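Along the sequence shown, residues are numbered consecutively beginning with 1. Here the structure is a predicted model, which means the values were calculated and not measured. Counting convention: from 1, in listed order, for ligands and their atoms alike.
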Amino acid sequence: MKRCAVVVVFLAVAISVVGVAPGAHATTYKKVVRYGPFIIPAAGSIDQPGMLNNRLKFAVQRPCLDCHITSMTPNLVYSDGRPATMETGAMIHHFVLTSQFRKDATCANSWLGLAGARFFASGDERTPISFPEGYGYRVRWYDSWNLLVDLMNHSLESKTVYVQVTYTYRPSWESVKRVRPVWLDIDQCGDSEYSIPSGFSDTHWNWNVNVPGKAVAVMGHVHGGGVAVEVTNESQGGASICKSVATLDPMDSHRVLSMSTCRGDPVASVHQGEVVRLHSMYESEHAANDVMGIMLLYINPS
Ligand SMILES: [Cu+2]
């Protein structure tokens, strides 16, 4: 590993300087951005959590004006930086970041598309995503980001919290292959919620591929009682593209502790017009009408 002679640091710290090819250097910066504060009202009782419902913020801060984002790590924190988790009552129901002037790959023509392209999201499991070496999500000076936030509070006092995203990014002048986010959802272009029966269920939604290319990173989201979300290529004999498996809290199966991700160069290739199927699998003790099955694919368009 060779160090570049000059490392420009502005608004950020260089965390790594790694050679990618003979004579070329990749410079990676890290920036922690906090959104908020958000005040979540106190819970009314044990089964009546305090809710901060779908708060939409426009033109929120980006880590950089002109760059390639190489990873995103979500969190919810208190003003002193401590993580705000269920241990103290706070919970991320979800938050979604959208890029206003980018076209959403699967919902551009619905009301959801008005907010732009959905490019990152998190539930309480707080799954980080990082792209393989050489790939990044392009940010340009004219981009504008929106943030949709939905938070919950199980404690009897109100909580002041911040949505926090730690970004790593590379400067605009480096040659980085682009990724385009593609959001697949059982309740596509709706509020993402759907219903399951008690017991095992596998619910499908088909995507007719309109962003052909190489999927290089994939993340998934289910709710408590969830087993996994998976994407399969039905045009290639149902071959699995990625399965994101849920790890549930052994003490409380309503709580998702983590979701596995897929990352590779490539994870899989998809071609124009192929049918990619989203499977959302639950093994629930009871029926529910507010579960989710989402996968976010980052595709390097061919
Ligand atoms: Cu959710």
Side-chain angles (χ1 to χ4, degrees), residues 35 38 40 47 49-57 72-76 83-86 89-98 104 106-107 110-112 115 117-129 146-154 161 163-165 181-197 201-205 207 218-231 242-249 252-261 278-297:
Y35 304 99
F38 298 98
I40 329 174
D47 10 75
M51 303 286 291
L52 183 92
N53 283 126
N54 287 326
R55 209 50 66 84
L56 183 57
K57 298 215 162 210
M72 294 177 268
T73 302
N75 209 346
L76 187 72
T85 64
M86 271 297 280
M91 198 186 146
I92 304 175
H93 201 229
H94 55 257
F95 75 78
V96 184
L97 279 163
T98 68
D104 192 275
T106 50
C107 288
S110 77
W111 63 272
L112 248 182
R118 297 164 289 177
F119 69 89
F120 187 59
S122 178
D124 203 48
E125 69 274 13
R126 309 172 195 204
T127 310
I129 194 77
N146 305 319
L147 175 67
L148 179 73
V149 177
D150 202 303
L151 304 172
M152 281 165 87
N153 180 7
H154 289 88
V161 295
V163 166
Q164 178 174 290
V165 182
V182 176
W183 184 291
L184 306 183
D185 195 321
I186 296 295
D187 181 35
Q188 188 62 267
C189 310
D191 67 359
S192 298
E193 293 186 351
Y194 76 99
S195 300
I196 50 165
S201 59
D202 179 1
T203 312
H204 295 164
W205 183 79
W207 173 46
V218 187
M219 64 195 302
H221 174 70
V222 294
H223 285 185
V227 176
V229 269
E230 184 174 18
V231 270
C242 172
K243 187 174 188 177
S244 173
V245 179
T247 300
L248 304 181
D249 185 342
D252 178 6
S253 66
H254 291 95
R255 188 175 173 201
V256 179
L257 296 180
S258 65
M259 299 288 303
S260 65
T261 58
L278 173 68
H279 304 251
S280 179
M281 288 159 271
Y282 277 80
E283 179 73 68
S284 181
E285 291 154 22
H286 50 78
N289 60 6
D290 60 351
V291 300
M292 295 187 183
I294 297 170
M295 282 192 111
L296 187 49
L297 280 68

### Query
What protein N/O/S atoms sit under 2.8 Å from the Cu ion (ligand 1), by chain and number?
His221 NE2, His223 NE2, Met292 SD
### Query
Do His94 and His223 have ring centroids that are under 6.0 Å from one another?
no
Backbone N or O of [Y] within a donor-acceptor pair of the [X] side chain at under 3.5 Å?
X	Y	result
Asn146	Ala115	yes
Asp202	Met281	no
Asp249	Ser253	no

### Shortest non-hydrogen contact from Ser201 toward Ile196
OG-CG2, 3.5 Å
### Short side-chain donor-acceptor distance under 3.5 Å, Ser192 and Asp185
yes
